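Read the structure below first, then the notes.
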Amino acid sequence: MRFQSSPPRGSIIVIGAGIAGLATGIGLARDGHPVTVLDPDELAVLPDAETAFATPRAGAPQIRQTHGLLARLTQELRARFPDILADLFAAGAALLPLTAELGAARPGDDDLAVLLVRRTTLDWVLRRAAVDQASLTLCGGARVAGLVMDAVDGTQAGAVPVVRGVRLVDGEVLEADAVIVANGRRSALPAWLAEVGVIVAEDEHATNLVYLTRWYRLPAGTALDLDPKLAGDLGFVKFLAIPCDGNTLSITIAVPARDTDLRRTLLDGAAFDRAAAQLPGPDAIFARHHPTPVREVEPLGGLINRLRQFT
């Protein structure tokens, strides 16, 4: 889908159709704003969660890594998007309470629960909700080259450029009254702002970790007696296991980037399976339920923490 003309007046452009971009677009559309969400990937609404899980997402290579969706997300969905939370439950998502060992129940305990669902399923449900918004347009295959900004008089103290829209790589300009950049950690926003002399301070720290993730399928109807902390730090590796919708289980082992031998070993599926079956917590799941791998081991490197100061 591409525009033949600029969006209507009063409109908002959101760059990025991940969790942040879709949730922002849905919220603004429900508040009465015309919203256009741009993303370089195609944004077809797939027929079901399993198809979404099997479909690559070039713009979000982390989408099939293990995601710990914390209690704050559950709170926000319950307060602002209860219909989306209901759709997630209908797709097989579940809540894992974190209060079992905190003593007697107290008001607010319901807010302390993490969401167990595949990131691909969360994206799928959000995309379906976005399509249902009358004033929201999803525009896939749209690559943004930069922002359209008013020129400013550099001699004027405190002069600030005003963003008027975006420029696509094919030269098309889309005007808007506001632009929200939500396209993730690899966003070119600092470079776009630097074009008009706005320098964004950035503090960067490498994690020095490589994630190795494998997905498994549990037998249908498996009921897990879960420890809320299926995670740990063994010193030489860290790990996180999350049971999700569709009887799936994801396990990520985080390996020091410098340990190339261990990384190479765990990229082998059989070696990863043996290691996962010995991790404290996941070991009980492997011993009782014998999960079956459904994907190869998927690595993700270049993990950097960035703090950008925009004001």
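Source: prediction; values computed, not measured. When reading the values below, keep in mind they use all heavy atoms of this one structure, side chains included, and skip hydrogens, waters and symmetry mates.
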Polar side-chain atom of Thr207 near backbone of Leu303 as donor-acceptor pair, under 3.5 Å: yes
Short side-chain to backbone donor-acceptor contact, Arg128 and Val45, under 3.5 Å: no
Minimum-distance pair of heavy atoms, taken over all atoms of Pro280 and Phe239: O-CZ, 3.4 Å
Any Asp233 side-chain heavy atom under 4.5 Å of Lys238 side chain: yes
Lys/Arg-Asp/Glu bridge criterion (N-O < 4.0 Å) met for Arg308, Glu202: yes
Presence of salt bridge, Asp261 and Arg264, under 4.0 angstrom: yes
For the student: nearest non-hydrogen atoms of His33 and Ser135, plus distance: O-OG, 3.2 Å
Within-4.5 Å side-chain heavy-atom neighbours: Pro256 and Phe236: no
Validation row: Arg78, Asp111 side chains within 4.5 angstrom (heavy atoms): yes
Exam field: side chain Gln62 to backbone His67, donor-acceptor pair closer than 3.5 Å: no
Side-chain donor/acceptor of Thr24 to backbone N/O of Gly21, under 3.5 Å: no
Test item: Thr74 and Leu95 side chains (from C-beta on) under 4.5 Å apart, heavy atoms: yes
Other residues, nucleotides, ligands: >12 heavy atoms within 6.0 Å of Arg80 CZ: no
Any side-chain heavy-atom pair of Gln65 and Thr252 under 4.5 Å: yes
Test log, rule side chain to side chain contact (heavy atoms under 4.5 Å, CB included), inputs Leu234 and Leu279: CA-CA 9 Å; Leu234 303 181; Leu279 297 172; 4.0 Å; yes
Arg167 side, atom CZ; Glu172 side, atom CD - distance, nearest 0.5 Å: 12.5 Å
ILVMFWY cluster, Val294 and Phe286 together (side-chain gap under 4.5 Å): no
Distance-minimising heavy-atom pair for Leu240 and Ala231: CD1-CB, 3.7 Å
Rounded distance (nearest 0.5 Å) linking atom CZ of Arg64 with atom CZ of Arg214: 13.5 Å
Cluster check Leu69, Leu300: I/L/V/M/F/W/Y, side chain < 4.5 angstrom: no
Gap between atom CG of Asp273 and atom CG of Leu266 - 0.5 Å precision: 10.5 Å
Carboxylate-amine/guanidinium contact Asp123 Arg119, below 4.0 Å: yes
Leu249 versus Pro291, closest heavy-atom pair with distance: CD2-CG, 4.4 Å
Val196 and Leu147, any side-chain heavy atoms less than 4.5 Å apart: no
Check: Thr248 main-chain N/O paired with Trp215 side-chain donor or acceptor under 3.5 Å: no
Whether Trp192 side chain and Ala145 backbone form a donor-acceptor pair below 3.5 Å: yes
Leu116 versus Pro243, closest heavy-atom pair with distance: CB-O, 3.3 Å
Nearest-0.5 Å distance that lies between atom CG in Leu218 and atom CZ in Arg288: 12.5 Å
Rounded distance [0.5 Å steps], CD in Glu76 versus CG in Leu70: 12.5 Å
Donor-acceptor contact present, side-chain Asp203 to main-chain Leu307, <3.5 Å: no
Candidates Val144, Val179, Ile13 - the one meeting side-chain contact (heavy atoms from CB on, under 4.5 Å) with Leu174: Ile13
From CD1 (Ile251) to CG (Leu230), nearest 0.5 Å: 8.5 Å
Nearest heavy atoms of Ile199 and Ala194, plus distance in Å: CD1-CB, 4.2 Å
Single-linkage hydrophobic cluster Leu22~Phe53, side-chain heavy atoms < 4.5 angstrom: no
Hphob cluster co-occupancy, Ile84 + Phe89, side-chain heavy atoms under 4.5 angstrom: yes
Test side chain to side chain contact (heavy atoms under 4.5 Å, CB included) applied to Thr213 and Arg295, step by step: CA-CA 9 Å; Thr213 294; Arg295 298 191 62 84; over 6 Å; no
salt_bridge(Arg127, Asp39) N-O dist < 4.0 Å: no
Common cluster, Val237/Tyr211, ILVMFWY with side-chain heavy-atom separation under 4.5 Å: no
Asp109 (side chain) donor-acceptor with Arg106 (main chain) under 3.5 angstrom: yes
Chi angles and distances behind the side chain to side chain contact (heavy atoms under 4.5 Å, CB included) call for Val181, Ser187: CA-CA 8 Å; Val181 181; Ser187 173; 3.6 Å; yes
Phe81 and Arg30, any side-chain heavy atoms less than 4.5 Å apart: yes
Backbone N/O of Arg185 and side chain of Arg306: donor-acceptor pair under 3.5 Å: yes
Expected output: side-chain Arg217 to main-chain Gly246 donor-acceptor under 3.5 Å: yes
Residues, nucleotides or ligands: over 12 heavy atoms within 6.0 Å of Glu195 CD: yes
Ile242 side chain reached by Val114 side chain, heavy atoms, under 4.5 Å: no
Chi angles and distances behind the side chain to side chain contact (heavy atoms under 4.5 Å, CB included) call for Val210, Asp259: CA-CA 9 Å; Val210 174; Asp259 196 338; over 6 Å; no
